[in-house]
Amino acid sequence: MLKTIAGFDRIGEENAFAVLARATALAASGRDIINLGIGQPDFRTPEHIVEAAVKALRDGHHGYTPATGILPLREAVAADIHRRLGTEVSPERITIVPGGKVTMFMAILMFGEPGAEILYPDPGFPIYRSMIEFTGAKAVPVPIREENGFAFSADETLALITPATRLIIVNSPANPTGGVTPKAEIDRLVAGLARFPDVAIMSDEIYGQMVYDGEAHVSLLSYPEIRDRLILLDGWSKTYAMTGWRMGFSIWPDRLYEMARKLAVNSYSCVNAPAQFAGIAALTGPQDCVADMVAEFDRRRKVVVEGLNGLPDVTCATPKGAFYAFPNISKTGWKAKPLASALLEDAGVATIGGPDFGVYGEGYIRLSYANSTENILKALERIRAFLERRNAA
């Protein structure tokens, strides 16, 4: 028998990919499947970004790059952060990574070990908990509650910190709920963290440019008092419809940057060169493509929320960010994962059951509105027909 480490018995998955695989298999068998499960923009990557990558290939950018990314791209990231957030960041603290998950992986590896505790949002992106448990650390869920507008509670978060706490993970705008935590709550969290100077913070801001209804994204980079222990996660995948390009970036405090560089060298070496030139074009080129995509997501968001609230025994809080709705299905009589499975198999609509995002996700399912309005309306009608048929049975 081959003997692997115990950590692999604890590691989890992101079930959205399992649902995607099942939806793809059903479609291949001839079924008409509408996929509202995967968090992937349905837009093409803007043409000027694609052309920048093609040009880079033609110009001979085929080799290794520095593990932390090419300097022009890190400079473009720093300039973009200053433009959007009014915050100065040195390119020497920025790493270019192959997707947002890598920053989670690195940060949790740095702080997770048996005896340590790491706080993470629940419901939240499933890789947080998966990686924490892989390291042997204790995963401590921070409840993300519908009654709070799916914003995190600073007081509740601070109350969970113990002497064993090494890292806190926060996410706003949030996956899977679409919640946006207001500035007053973030102010309160940062002020409270002054009592815990040895606790690091990882802020997942991958959806930072997708906010609605006049909400403003508040970056933890705006708080100089925590910059020496803040890890920021962001990237191109959602904002520029570049999920398959595997392009993310992270900002590290001085004491952690070299550790991140070594992890890069020991794992993926570097991000592929043409993708990095595409990243420069995305940040320095016209930004109307971003505004257009967000405006379209906003239109779809309104359709989704209205439609979900019109379904029998379903209510849906209005998401303030990202491109997910997280309707409450507890009054339907279904548990969330069986309902999501039945909707896929019987109604041809792919969604994700709330428990795939944590123990506090029961009673909810996640729908992505990164799909066309036509498909969203068709999916809502299929869900309505399914629920009415089951209610009548």
Side-chain angles (χ1 to χ4, degrees), residues 11-28 31 33-43 98-105 120-134 141 144 150 169 171 173-179 204 206-207 210 233 235-239 241-248 297 300-301 304 308 316 319 321-327 329 335-345 347-372 375-376 379 382-383:
I11 200 166
E13 291 194 57
E14 184 183 353
N15 199 44
F17 285 95
V19 172
L20 174 62
R22 179 58 182 159
T24 301
L26 288 171
R31 292 281 305 278
I33 303 297
I34 300 172
N35 195 340
L36 304 184
I38 197 74
Q40 173 166 255
D42 61 322
F43 304 102
K101 286 178 181 174
V102 178
T103 303
M104 303 172 201
F105 194 93
Y120 70 99
D122 184 337
F125 189 58
I127 302 307
Y128 304 148
R129 178 180 175 181
S130 174
M131 273 305 302
I132 295 167
E133 293 183 341
F134 174 73
I144 306 298
F150 290 122
I169 300 172
N171 175 215
N175 174 14
T177 63
D204 182 347
I206 195 74
Y207 296 99
M210 295 180 177
L233 182 162
W236 288 259
S237 60
K238 315 298 183 179
T239 307
M242 294 176 69
T243 52
W245 295 72
R246 306 318 301 137
M247 282 281 290
F297 285 139
R300 297 173 185 180
R301 176 182 69 113
V304 165
L308 288 169
C316 183
F323 42 61
Y324 306 109
F326 204 57
I329 53 86
K335 291 291 188 181
K337 284 178 68 68
L339 176 59
S341 178
L343 288 174
L344 177 56
E345 299 293 336
V349 179
T351 64
I352 310 294
D356 284 325
F357 302 99
V359 294
Y360 294 104
E362 184 55 78
Y364 300 87
I365 60 173
R366 190 191 78 174
L367 285 78
S368 166
Y369 47 90
N371 205 320
S372 70
N375 280 340
I376 289 168
R382 291 183 186 185
I383 296 171

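Below, all heavy atoms of this structure are taken into account, side chains as well, without hydrogens, waters or symmetry copies.
In this view, Arg300 and Asp42, Glu296 satisfy the side-chain hydrogen bond (donor to acceptor under 3.5 Å, both in side chains) rule, not counting sequence neighbours. Here Asn35 pairs with nothing under the side-chain hydrogen bond (donor to acceptor under 3.5 Å, both in side chains) rule; sequence neighbours left out. For Pro121, the side-chain contact (heavy atoms from CB on, under 4.5 Å) partners two or more places apart in sequence, or in a different chain, are Tyr128, Ile144, Ile169, Asn171. With sequence neighbours left out, the side-chain contact (heavy atoms from CB on, under 4.5 Å) criterion links Pro355 to Ala336, Lys337, Glu362. For the side-chain hydrogen bond (donor to acceptor under 3.5 Å, both in side chains) test, residues two or more places apart in sequence or in another chain that qualify with Arg301 are Asp213, Asp298.
Put simply, CG on Leu36 and OH on Tyr369 are 12.0 Å apart, with the number rounded to the nearest 0.5 Å. Taking CD1 of Ile352 as the start and CD1 of Ile38 as the end, the distance is 7.0 Å to the nearest 0.5 Å. Here CD1 of Ile383 is found 6.5 Å from CG of Leu308. Values are rounded to the nearest 0.5 Å. Rounded to the nearest 0.5 angstrom, Met104 CE and Leu233 CG are separated by 5.0 Å. Atom CE of Met131 is separated from atom CD1 of Ile11 by 6.0 Å, given to the nearest 0.5 angstrom.
For the pair Ile206 and Ser237, the minimum side-chain heavy-atom distance is below 4.5 Å. The shortest side-chain heavy-atom distance between Phe105 and Ile127 does not fall under the 4.5 Å cut-off. In this structure, the side chains of Tyr364 and Pro327 stay at 4.5 Å or more apart for every pair of heavy atoms.
Remark: the backbone N or O of Ala28 is not paired with any side-chain donor or acceptor of Arg31 at under 3.5 angstrom. The closest donor-acceptor contact from the side chain of Arg382 to the backbone of Val349 lies at 3.5 Å or more, if one exists at all. A donor-acceptor distance shorter than 3.5 angstrom exists from the side chain of Arg366 to the backbone of Gly37, with no hydrogens or angles considered.
With a 6.0 Å radius and a threshold of 12 heavy atoms from other residues, nucleotides or ligands, Arg129 has its CZ atom at or below the threshold. Residue-environment remark: NZ (Lys101) exceeds the threshold of 12 foreign heavy atoms within 6.0 Å.
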All N/O donor-acceptor pairs, side-chain side in residues 16-23, below 3.5 Å, sequence neighbours left out:
unit_1, atom_1, unit_2, atom_2, d
Arg22, NE, Glu345, OE2, 2.8
Arg22, NH2, Glu345, OE1, 3.0
Arg22, NH2, Glu345, OE2, 3.4

Exercise for the section: Check the pair Phe326, Phe150 against side chain to side chain contact (heavy atoms under 4.5 Å, CB included), reporting the backbone distance first and the verdict last. Expected result: CA-CA 9 Å; Phe326 204 57; Phe150 290 122; 3.8 Å; yes
Exercise for the section: Given side chain to side chain contact (heavy atoms under 4.5 Å, CB included), test Leu343 with Ile365 step by step and report yes or no. Expected result: CA-CA 11 Å; Leu343 288 174; Ile365 60 173; 4.1 Å; yes
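The aromatic rings of Phe323 and Tyr207 stand perpendicular to each other, their planes meeting at an angle above 60°, with 30° marking the opposite boundary.
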